[in-house]
Amino acid sequence: MKNLTIISPFSFSVPYSEFQLSKNYLCRIMLQLSVLKDQTERVLAGLAKRNFKTAEADVRAVLDLDQRRRSLQTQHDQAQSEANELARQIGGLMKSGDKAGAEALKVRTTELKAQIKLHADELTATEKAQTELLYKIPNVPHESVPAGRSAEDNEVVREAGTKPELAAGALPHWELIKKYDIIDFELGIKITGAGFPVYKGQGARLQRALVNFFLDEARDAGYLEVQPPILVNEASGYGTGQLPDKEGQMYHDAADNLYLIPTSEVPITNLYRDEIIPVEKLPIRNTGYTPCFRREAGSWGADVRGLNRLHQFDKVEIVQITQPDNSYAAHATMVAHVEQLLQKLELPYRVLRLCGGDMGFTSALTYDLEVWSAAQGRWLEVSSVSNFEAFQANRLKCRYKVEGGKTQLLHTLNGSALALPRIVAALLENNQTAEGIRLPQVLHAYCGFDTIK
RNA sequence: AGAGAGGUGGCAGAGUGGUCGAAUGCGACGGUUUCGAAAACCGUUAUACCGGCAACGGUAUCGGGGGUUCGAAUCCCCCCCUCUCUACCA
């Protein structure tokens, strides 16, 4: 096994050199340009909702660079075309034995070569500058997204279930796990470090039960189960947008230049990178269970006790890839699916529409689902369901053919269904009794027991 | 990990310096034929960028990157991947 090393959160790498990326890689992100160009006002208005301060300057710079790029491309193509023609002529002359004629043409060719080299270098530099800028511009929020700065400004869409009344002396989950000896943080610290708990006995079985329950529910809802790798390459990180934005949040294996996934969104969505998907296979619906790894750099404090925030945790993800017209309908079904899971688990929850400032970099619309953690007396985020529209698809080059043979970008979506640790926290806290922790009906068969004692 | 072989269009498979974006076969699509189908025959069959309202034209792409050359799928260097044998391992 190679060493796991952590890269600086401030380093910023762009995939030109070491990775196996084609020349056309730079062109991929260019597709986004049509939107920037044709709908500049809408884009700027959307980015304003995110408090993306440099939006106006960045967009203008990108468009300026684009003009420069296109004019260079035209010049370059013309010079190349002339050179190709001359090469053809030289070939003909050589064949007919006219060496002097061939030599005469080579003079012009040499000139052109120098010119082409100049254009090519400048073109590459321009493209690179443009791509770097484009990679830094976040997705444009959907019109329904409220403006806002932070979690304070998120909108509560609905609330469901009843918060339990806990008896006096009720314990937070970090006490309960000790009382029943089901999750051990100290052991995890010994073998790895803080934030890597060890699940034991009924705790381990509860984990396995939840994973199976979530996967079965997803399958019944029409999602195909996949088991992807949990280490991904750089291209995959760029594809779903974790790179370069969140580079410092991922564990990085420097020896092989691979990243431990922060969510199975990354490998599952990248399954469809560089694909033109036949229209009859749409929509794609995948589900998968993986462990997830997050450095959570800079996250400390009382809110992160116990299972609230971990470096490694388990999650079942649902992913959809749809035609553009269907993505918001798909988003609604995904939110409904997650709500059903929470209802079956008998957990009180609420649904939030995230404001522009709290939304992820790549998302156009995100609904967070939070469960009520009775002993902590606070809501815990257990799922985030997002529509990325064409933002990821653009980076992924994930397309389909429309009527008439033109290729068009698809829309990608994903949601947690569900992340385990906070579900476990809520289950433990909300269901504690003098006799033990009474698990909801749906889990009994999966666990092989109904009470944690 | 060591040795050898190889990576060409949706697939199979030619092509070892000059109109090669690439023969041929299969598949797919459209058409002719048929009451219908099969067969046969004819045609179409990649992606991206630039120019153009468009028709269309140009450029790039034969695993990836770089080099030699007037000209590279073809020659040279580096990297990635696949297969076979050996070693190792779950």
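Note: hydrogens, waters and symmetry copies are ignored here, and every other heavy atom, side chains too, is used. Here is the naming used below: chain letters follow the sequence lines, and residue numbers restart at 1 for every chain. What you see is a predicted model, and the numbers here were worked out from it, not measured in a lab.
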Atom-to-atom span, CD1 of Ile90(A) to C1' of U19(B) - whole angstrom: 14 Å
Interatomic distance where CD belongs to Glu280(A) and P belongs to C29(B) [whole Å]: 11 Å
Sugar-phosphate, base or nothing in reach of Lys99(A), heavy atoms under 4.0 Å: nothing
Watson-Crick/G-U partner (both atom distances under 3.5 Å) of C20(B): none
Partner nucleotide, any strand, of U61(B) [Watson-Crick/G-U, under 3.5 Å]: A46(B)
Tyr259(A) side chain to Asp253(A) side chain, donor-acceptor N/O pair below 3.5 angstrom: no
Test of ring centre spacing under 6.0 Å for Phe293(A) and Phe313(A): no
G13(B) versus G4(B) - spacing of their P atoms, nearest Å: 24 Å
Distance test, side-chain N/O of Asn84(A) to OP1/OP2 of G71(B), below 4.0 Å: no
Residue-phosphate contact under 4.0 Å: Lys401(A) side-chain N/O, U47(B) OP1/OP2: yes
Nearest-angstrom distance, P atom, A46(B) to G30(B): 16 Å
Most 5' of Glu85(A) and Thr110(A) on RNA chain B, judged by nearest nucleotide: Glu85(A)
Touch class at under 4.0 angstrom, heavy-atom based, for Leu112(A) against every strand present: nothing
Short side-chain N/O contact from Gln78(A) to OP1 or OP2 of G58(B), under 4.0 Å: no
Atom P, compared across G58(B) and G66(B): separation rounded to whole Å: 25 Å
Pair Gln80(A), Glu85(A): side-chain N/O donor-acceptor within cut-off below 3.5 Å: no
Strand partner of G10(B), provided both Watson-Crick or wobble distances fall under 3.5 Å: C26(B)
Paired nucleotide for U74(B) [Watson-Crick or G-U wobble; both distances under 3.5 Å]: none
His311(A) and Tyr251(A) aromatic ring geometry - parallel, tilted or perpendicular at 30°/60° bounds: perpendicular
Rounded distance in Å between the C1' positions of G18(B) and A72(B): 10 Å
Any-strand Watson-Crick or G-U partner of U34(B), both distances under 3.5 Å: none
Value in whole Å for how far the P atom of G18(B) lies from CG of Leu86(A): 19 Å
Polar side-chain atom of Thr240(A) near backbone of Ser236(A) as donor-acceptor pair, under 3.5 Å: yes
Short side-chain to backbone donor-acceptor contact, His411(A) and Ile321(A), under 3.5 Å: no
Same-atom distance (P) from U8(B) to G64(B), integer angstrom: 10 Å
Nucleotide forming a Watson-Crick or wobble pair with G51(B), both distances under 3.5 Å: C56(B)
Residue Gln73(A), side-chain heavy atoms: nucleotide from C49(B), G71(B), A48(B) that is nearest: C49(B)
Between P of U59(B) and CZ of Arg88(A), the distance in whole Å: 7 Å
Parallel, tilted or perpendicular: ring planes of Tyr446(A) versus Phe213(A), cut at 30 and 60 degrees: perpendicular
Spacing between Gln408(A) atom CD and U47(B) atom P, to the nearest angstrom: 14 Å
5'-most by nearest nucleotide on RNA chain B - Arg70(A) or Lys106(A): Arg70(A)
Nucleotide G58(B), atom C1' - distance to CG of Asp77(A) in whole Å: 6 Å
Any Arg69(A) side-chain nitrogen or oxygen under 4.0 Å from OP1 or OP2 of C50(B): yes
Gln80(A) CD - U69(B) C1' separation (whole Å): 13 Å
Asn257(A) CG - C80(B) C1' separation (whole Å): 13 Å
Sugar-phosphate, base or nothing in reach of Thr407(A), heavy atoms under 4.0 Å: sugar-phosphate
Euclidean distance for C1', A38(B) against U45(B) (whole angstrom): 23 Å
Span that lies between the C1' atom of U68(B) and that of G10(B), in whole angstrom: 35 Å
Candidates G58(B), A48(B), C50(B) - which lies nearest the side chain of Ser81(A): G58(B)
Identity of whatever pairs with A3(B) - Watson-Crick or G-U, under 3.5 angstrom: U84(B)
C1' atoms of A22(B) and U74(B), separation to the nearest Å: 12 Å
Gln320(A) (side chain) donor-acceptor with His331(A) (main chain) under 3.5 angstrom: no
